[in-house]
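Presented below is the structure to which this report refers.
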Amino acid sequence: MKTFYITTPIYYANSLPHLGHLYTTIVADVIQRYKKQRGFDTYFLTGTDEHGINIQRAAEKEGRTPKEQVDYVSAELKKMFAEFGLNTENGGYNIFMRTTERFHYEGAQTLWREILKNKTPKGNAPIYKGFYEGWFCAPCAAFKLEDEYYTVEGSDIPLCKIHERPLDKVSEESYFFRLSDYGDELLRIIEEKPERIRPEARRNEVVSFIKSGLQDLSVSREKKSVSWGVPVPGDENHVMYVWLDALSNYITAIGYGNSEKTGFDKYWQNVTHLVGKDILRFHTVYWWAFLLAAGISLPETIYAHGMWLDAEGRKMGKTLGNVIEIEVLQKYFQVDAIRYFVMREMVFGQDGKFGYENLIDRANADLASGLGNLSSRTLSMISKYRDGLIASGKIRESNYLNAKRAGINADEQELVSVLQHTRDEFLRRFDNFEFSQALELIWTVIARIDKMISDAKPWELIKDENQAETLNAVLYRALETLRWISVLIYPVMPESARKIYAQLGLNDDIAKINPENLVWGELAANAKIGETQAVFPRLDKKKIMSEIVENGKLKMENEASTENAGEKTTNEQPATNDEQFITIDDFYKVELKIGEVKVCERIPKADKLLRFEIDLGEEKPRQILAGLAEYYEPESLIGRKVVVVANLKPRMMRGLESQGMICAASLEDGTGEKPAVATFLENVDIGARLK
RNA sequence: GCCCCUGUAGCUCAACGGUUAGAGCAGAGGACUCAUAAUCCUUUGGUUGGGGGUUCAAAUCCCUCCGGGGGCACCA
């Protein structure tokens, strides 16, 4: 039997469940169900990556042991997956992998030993002991490169650009993986079969990365600095570093190097790794090199999918308050509607926009008005006109003319070939990860059947005894098409597909029907349809949106009052649409003042920043940094009166504290944005407030 | 800075170098009643980012400019 193994990344047990986790896992689940229908013996892995310094730190912060910490996070994730029907019980993943499990330790260590046994393509030992030294940021859990930190004058300890805290000089013994020996081999492999890495644009990035030269990779940490990990075989002082540990989960989970799990020989031959585009490189360059080193065959496909942006196309983030909340999705939307939305809306491999409004629109237009309504009107007519009995769709020759009068082609073959073609094309698209386009095809068929019904007007046919067969044919064709559609959409919307299927009066397991084998006419005549019920409820857009917005506001207020005062008040934006207003009180939170520029100078090595000292009528002038250096000569600004946001939280830039912000218009002149500093025509007093 | 991708209707996306560049949503008008205010018909809307070039033929290939996104290593 053909096998198919699909994996999501194992999610780092550092952050609580979010849309990204949900999305990738849904996609994997859809593909897995699809392949199963197509007759593959499938295996579906998801899970959590539970080692590393970040986990250790997070645990310390929460007053837990690392194990307690990862137990908590992985349980949360499992809970979410269960609620979305992605767990084993609901036909979802086969294993929820956890890297803290014993079998994984065994497997990862076996992998290490196997690598040690071999030689690199250039005849060297793949792993050697070396010395790793660098500036280390604990919250980032990473050594920082030159452009990732900055230094304050008078100090030689650099600060992390992200966390604005001092870095530690870390110098430690480390095992290195001789990645530098694998570049040529990797390039050859990619060239040989480029489709292994998709989409193409991402593959190009990987190729150019390899071509730029690979450096050896540190694959261990000393236990004294990172203890939370898989011990390096034969060296008590080291634990494996994240990537080797984490990536190996894909094989340890199916029994590589351990006896607890099974399936490696069976499933590894055809594996698809779904990854976010941000971790593609690790899944190609590093992972492949590890596998080559261990003499294990490479994965069949690595597919990097895009990220979800907000409705306006901005990155989602806490500061913008534009994150899609899992709880909101759960509260207002059917699981299948969400599944449909993510598969239909995002062109797989590209970034997509996710807004609650778009989701409602899709659910209403495609599901409620489209598929739901078609099934509803069809079944309703069967009940009303035929007492719930499915009549044969055959039209006898003597009735051809009647059918023609009603606008119905007596020969159903035309519709049959449309359906077959749609099915074939759907499968082709699906096999090629073109889910959005595959689904679109189904909806052209729905429109076609809707049109057939409108043309034939069953409500008039019923009044004419001579049109009994025409009416039967219309109803049968609609029903039979619904049967096909149910089977095709099953991977994307399992519950709904099952519901529709059952309403057609069928009771075999749709999950096991191979769409390839669909044959027109297999819906038996004289059978009774099932109990009719609406499959996709129409969503009240106004009501739901206003509730979401209201709750969002409440949540923000709660967060604002519990978090450090003032921090979030200035950079928050309305969560959803542009019909929102701020109150006058909101405005007053921003303290805009007139200040006079006393000092203005360039900052060494910073091409955009200018350093100002601005008199706001306070005891001493404020130091403010502003990105105006590309557009203004420092001298020309001295003496100018400018508008300053006076109560902005100070922040460090280039090692200097900026205690406010200078307001400027952002102008488009065709060459890009240019700022124009706000000024007054009248003479204004220093320190005056704008209101 | 170097490299990659991308730009098509108001929005989201299609279109082996080959008919008059198409769908869906949104908008306007009409029809209908089986259906979840649904469906059907008609209709508005395009200098395919700009400019050059190759070709019998360009959204598609090449050059260039402009805009958007992304990659340039040890962070899942």
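In what follows, chains carry the letters A, B, and so on, assigned in the order in which the sequence lines appear, proteins first and then strands, with residues in each chain numbered from 1.
Across all strands, Ser376(A) comes closer than 4.0 Å to base atoms (heavy-atom distances). Here Ser380(A) lies in heavy-atom contact (under 4.0 Å) with sugar-phosphate atoms only. Lys315(A) comes within 4.0 angstrom of sugar-phosphate atoms only, judged by non-hydrogen atoms across all strands, and of no base. Asp450(A) comes within contact range of the sugar-phosphate backbone alone, with a heavy-atom separation under 4.0 Å but no base atom that close. Among the heavy atoms of the strands lying under 4.0 Å from Arg538(A) is at least one base atom, whether or not backbone atoms are also near. Tyr385(A) comes within contact range of the sugar-phosphate backbone alone, with a heavy-atom separation under 4.0 Å but no base atom that close. Using a 4.0 Å heavy-atom cutoff across all strands shown, Gly213(A) reaches at least one base atom of the nucleic acid. Among the protein residues, Ala447(A) comes within range of the sugar-phosphate backbone only, with heavy atoms under 4.0 Å from sugar or phosphate atoms but none that close to a base. Leu379(A) comes within 4.0 angstrom of no nucleic acid atom, judged by non-hydrogen atoms across all strands. As judged by a 4.0 angstrom heavy-atom cut-off over every strand, Ala246(A) is placed among residues making no nucleic acid contact. Nucleic acid contact class of Val535(A) (heavy atoms, under 4.0 Å, all strands): base. Counting non-hydrogen atoms under 4.0 angstrom, Asn204(A) reaches the backbone sugars and phosphates but no base. Residue-level contact check: Trp243(A) touches the backbone only, with heavy atoms under 4.0 Å from sugar-phosphate atoms and none from bases. Counting non-hydrogen atoms under 4.0 angstrom, Asn358(A) reaches nothing in the nucleic acid.
rU12(B) sits 31 Å from rC2(B) when the P atoms are compared, rounded to a whole Å. Rounded to whole Å, the P atom of rC56(B) lies 39 Å from the corresponding atom of rG1(B). Taking atom P in both rC62(B) and rC4(B), one finds a spacing of 12 Å when rounded to whole Å. Rounded to a whole angstrom, the distance from the P atom of rA9(B) to that of rU60(B) is 15 Å. The same atom, C1', is picked in rU8(B) and in rG49(B); the two are 10 Å apart, to the nearest Å.
In terms of phosphate contacts, Arg362(A) brings no side-chain nitrogen or oxygen within less than 4.0 Å of OP1 or OP2 of rU12(B). Between Lys353(A) and the phosphate of rU12(B), there is a side-chain N or O to OP1/OP2 separation shorter than 4.0 Å. For the pair Lys277(A) and rG71(B), the criterion of a side-chain N or O lying under 4.0 Å from OP1 or OP2 is not met.
Note that CD1 of Ile10(A) and CG of Leu247(A) are 8.0 Å apart. Values are rounded to the nearest 0.5 Å.
Here Glu480(A) does not pair with Arg477(A) in a salt bridge; the nearest charged N to carboxylate O distance is not below 4.0 Å.
Using N1 to N3 plus N6-O4 or O6-N4 for Watson-Crick, or N1-O2 and O6-N3 for G-U wobble, each under 3.5 Å, rC40(B) pairs with rG30(B). Nucleotide rG1(B) has rC72(B) as its partner under the Watson-Crick or G-U criteria, with both atom distances under 3.5 Å. Of all nucleotides present, only rG10(B) satisfies the Watson-Crick or G-U wobble test against rC25(B), with each distance under 3.5 Å.
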Working note: His104(A) + Thr252(A), criterion side chain to side chain donor-acceptor pair (under 3.5 Å); need CA distance, chi angles, decisive distance, verdict. CA-CA 5 Å; His104(A) 175 71; Thr252(A) 65; 2.8 Å; yes

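In this structure, the side chain of Glu50(A) does not engage the main chain of Thr99(A) through any donor-acceptor pair within 3.5 Å.
Rounded to a whole Å, the CD1 atom of Ile408(A) is 14 Å from the C1' atom of rC34(B).
In this structure, Gly352(A) and Met346(A) approach most closely via the heavy-atom pair N-CE, 3.5 Å.
For the residue pair Tyr241(A) / Ser174(A), no side-chain donor-acceptor distance below 3.5 Å is found, with atom types taken as modelled.
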